[in-house]
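Letters A, B, ... mirror the listed sequences (proteins, then strands); counts begin at 1. Predicted model only: the values in this text are computed from it and were never measured.
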Protein chains: 2
Amino acid sequence: MRPGAHRPSVPLEHRHVIRRIPQARERGIPDATVARLPLYLRALNGLAERGTPTVSSEDLALAAGVNSAKLRKDLSHLGSYGTRGVGYDVQYLIYQISRELGLTQDWAVAIVGVGNLGRALANYGGFVSRGFRVAGLLDADPEVVGDRIAGLVVEHTDELESVITERGVSIVVIATPATAAQHVCDRVIAAGVTSILNFAPVVLAVPDGVDVRKVDLSIELQILAFHEQRKASGGPIMAEEWPDGVVM
Amino acid sequence: MRPGAHRPSVPLEHRHVIRRIPQARERGIPDATVARLPLYLRALNGLAERGTPTVSSEDLALAAGVNSAKLRKDLSHLGSYGTRGVGYDVQYLIYQISRELGLTQDWAVAIVGVGNLGRALANYGGFVSRGFRVAGLLDADPEVVGDRIAGLVVEHTDELESVITERGVSIVVIATPATAAQHVCDRVIAAGVTSILNFAPVVLAVPDGVDVRKVDLSIELQILAFHEQRKASGGPIMAEEWPDGVVM
DNA sequence: GTGCCTTTGTGAAGCCATGCACAAAGTGAG
DNA sequence: CTCACTTTGTGCATGGCTTCACAAAGGCAC
Ligand SMILES: NC(=O)c1ccc[n+]([C@@H]2O[C@H](COP(=O)([O-])OP(=O)(O)OC[C@H]3O[C@@H](n4cnc5c(N)ncnc54)[C@H](O)[C@@H]3O)[C@@H](O)[C@H]2O)c1
Ligand SMILES: NC(=O)c1ccc[n+]([C@@H]2O[C@H](COP(=O)([O-])OP(=O)(O)OC[C@H]3O[C@@H](n4cnc5c(N)ncnc54)[C@H](O)[C@@H]3O)[C@@H](O)[C@H]2O)c1
């Protein structure tokens, strides 16, 4: 996950070589930083709603749940948008981060697989709130096709390619059973999509240049279980036993 | 996220100091490794279903979508469970990883907030399939309380503490609106819960020793949008313009 | 037993991310 | 203008993670 797949040939040999301008603002924002920008954006929107005009890195870091040095370094990758002694202008920073993330434009999203999860996603308001527009709901089940959900009519997956091309869909959400996910994935890629959000518990095989992000509830729970067990068993030393019945 | 919060006082000064036994199997599995173990487990279960008795690190890595050296290093943190020249015994490895993750026991999970998302989660089969049992559904809305979902009756959040303590709930899933999440979080922690999976788009404040993992659809989409924009705008060099109307 | 083949387990190197600590830069009072 | 104060932007050190590459280990044939 989080593959280095993108950025295959982005030059990264500046920064320590010549340093042409004071800020290192010439592309190549670290993945870790990109993953935190939405967090900052959310915190900034909260501040903006309360009318706060400027915010220090310390306060914003607190609101976003990160270290303030990390926040400043992250923002420095976008450019020098703060004022020393004052902080960051909330509105201006919202604009800059939004622009960097590509949220100043509208993204058409299609959801494939309108079951329990797909319906929840379709009804989700937080989707639309930030430049993402659900432009299509698709399912293979004739029982489901024709249902009206959140103002959209579910279409048959036969229409997948035409929906994608005709409505300019650039991001596809896969919420089908695991068995169907790779097939759907292949089709949407063939139709030109290069950004996929996958909820099915499978590793999707995709060509270079296609970004897949996955959300896997089961994995999150298992990670929690690991730490929970660790806490319960009272410290780092554990019984070393395992059944001898299991043979290698 | 992924806080270093847990493991506050775990000694990690071995490994490069004395090396008491050939394998470094004395606790302290890296977070990055823990996060991949469920992936390996899933791949192994697929192999087991097809009756495959053993698997090489190369093949398993392929199925899990990782580098084979990384896979071997990850597994070496659990112990020396492979056979050189042969590979890993599928059943045995499933058992070892399950044990390490704490999946040999049953975990009682409560879901708080039974709206669109909460219902989807409650109906999700992949939940139960791996040692997780939904032991309670709770909501604050009297309209929702009493509904029967996936064999469970939704209870009122007034019952939150008693449900947690009486049914031995150790993991809580928060699927309430963002505004209610911190309040719910505080209550479940007061009731003794130390593992939380949060779907609400807020940074939860929790004391040390409590693990929070979050799933945020909106963040994933924004990350995809970032890369999508990068692809579309034809390479690392971009127009440097921004509206002069916006003043700092 | 001997020798060949396969595959693991891990040292070592390189890369990336984190966080400290501070100089530079800006504000505002007097 | 000067000075004290605040806060940014970043050099640097540290540590963790990834990947390569290979010696060690086991299986198997004869
Ligand atoms: N529900 C959850 O909370 C949850 C959580 C984590 C992961 N998931 C995963 O998300 C996926 C969907 O979960 P769900 O609970 O909504 O399942 P679901 O069975 O309720 O819905 C799946 C939908 O996909 C449709 N479908 C099947 N094949 C298709 C195809 N080839 N093309 C298009 N549509 C197709 C089905 O008709 C159905 O409507 C599953 O892979 C599941 O493992 C679900
Ligand atoms: N639906 C999605 O696809 C989706 C995706 C990502 C994130 N989220 C987030 O997940 C959360 C739930 O989303 P949803 O679509 O299910 O919303 P929803 O409004 O459908 O459901 C929220 C439920 O929480 C209940 N609730 C409110 N206050 C409560 C309280 N104090 N205690 C217990 N229950 C309470 C409500 O009665 C309601 O049933 C939201 O924070 C949302 O932002 C949802």
Side-chain angles (χ1 to χ4, degrees), chain A residues 1-5 7 10 12-17 19 21-25 28-37 40 53-62 64-89 92-93 96 248, chain B residues 1-5 7 10 12-17 19 21-25 28-37 40 53-62 64-89 92-93 96 248:
Chain A
M1 83 225 63
R2 288 169 186 75
R7 198 168 32 132
V10 169
L12 45 108
E13 62 274 1
H14 15 60
R15 199 168 336 200
H16 286 297
V17 182
R19 205 142 71 82
I21 51 175
Q23 315 97 296
R25 194 218 184 305
I29 299 177
D31 282 353
T33 295
V34 173
R36 281 187 295 265
L37 291 180
Y40 304 152
T54 63
V55 65
S56 70
S57 63
E58 200 71 49
D59 291 350
L60 183 54
L62 194 71
V66 302
N67 177 299
S68 72
K70 183 151 60 180
L71 174 95
R72 287 198 298 276
K73 187 152 288 186
D74 283 343
L75 294 183
S76 78
H77 284 119
L78 312 191
S80 201
Y81 296 143
T83 307
R84 297 173 190 226
V86 176
Y88 300 89
D89 182 278
Y92 188 62
L93 197 52
Q96 288 299 344
M248 186 62 207
Chain B
M1 82 226 59
R2 289 170 185 73
R7 197 168 31 131
V10 170
L12 44 108
E13 61 274 2
H14 15 61
R15 197 164 343 195
H16 285 298
V17 182
R19 203 141 73 81
I21 50 174
Q23 314 96 298
R25 192 216 184 306
I29 298 178
D31 282 352
T33 295
V34 172
R36 282 187 295 265
L37 290 180
Y40 304 153
T54 63
V55 65
S56 70
S57 63
E58 200 71 49
D59 291 350
L60 183 54
L62 193 72
V66 302
N67 177 300
S68 72
K70 183 150 61 179
L71 173 90
R72 288 198 297 277
K73 186 148 286 187
D74 283 344
L75 294 184
S76 78
H77 286 119
L78 312 190
S80 201
Y81 296 144
T83 307
R84 295 173 190 226
V86 176
Y88 300 88
D89 181 278
Y92 187 64
L93 197 51
Q96 289 298 344
M248 185 61 207

A/Asp74 CG to D/dT10 C1', in whole Å, measures 13 Å

Donor/acceptor link under 3.5 angstrom from A/Arg84 side chain onto base of D/dT7: no

Between D/dT18 (P) and A/Asp31 (CG): distance, integer Å: 13 Å

Select one nucleotide: of D/dT8, D/dG27, C/dT8, the one nearest the side-chain heavy atoms of A/Ser56. D/dT8

Please name the pair of heavy atoms, one in B/Val55 and one in B/Leu60, separated by the smallest distance, quoted to 0.1 Å. CG2-N, 3.7 Å

Inter-residue atom distance B/Tyr40.OH - B/Leu93.CG, 0.5 Å rounding: 10.5 Å

Is B/Lys73 side chain donor-acceptor paired with the D/dT18 base, going by distance under 3.5 Å alone? no

Side chain of B/Arg72 (C-beta onward), nearest among C/dT10, D/dG9, C/dG19: C/dT10

For atom OH of B/Tyr92 and atom P of C/dT8, their distance in whole Å: 16 Å

B/Asp59 atom CG is separated from C/dT7 atom P, nearest whole Å, by 8 Å

Side chain of A/Arg36 (C-beta onward), nearest among D/dG9, D/dC17, C/dT18: C/dT18

Reference residue B/Ser57; test side-chain contact (heavy atoms from CB on, under 4.5 Å); the match among B/Asp74, B/Leu71, B/Val66, B/Leu62: B/Leu71

Select one nucleotide: of D/dT18, C/dG9, C/dG26, the one nearest the side-chain heavy atoms of A/Thr83. C/dG26

Would you say C/dC20 has OP1 or OP2 under 4.0 Å from some side-chain N or O of A/Asn67? yes

Below 4.5 Å, heavy atoms only, C-beta onward: do B/Thr83 and B/Thr54 meet side chain to side chain? no

Measure from NZ on B/Lys70 to P on C/dG9 and round the result to the nearest Å. 18 Å

Under 4.0 Å from OP1 or OP2 of C/dT6: is there any side-chain N or O of B/Tyr88 that close? no

Output the rounded distance in Å from CG (A/Leu78) to C1' (D/dG9). 13 Å

Counting side-chain heavy atoms from CB outward, which of D/dT19, D/dC17, C/dG9 is closest to B/Ala69? D/dT19

Does the side chain of A/Arg72 reach to within under 4.5 Å of the side chain of A/Ser68, using non-hydrogen atoms? yes

Separation of A/Tyr40 atom OH from D/dT8 atom P, in whole Å? 13 Å

Measure the distance from CD on A/Glu58 to C1' on D/dG9 and round it to the nearest whole Å. 15 Å

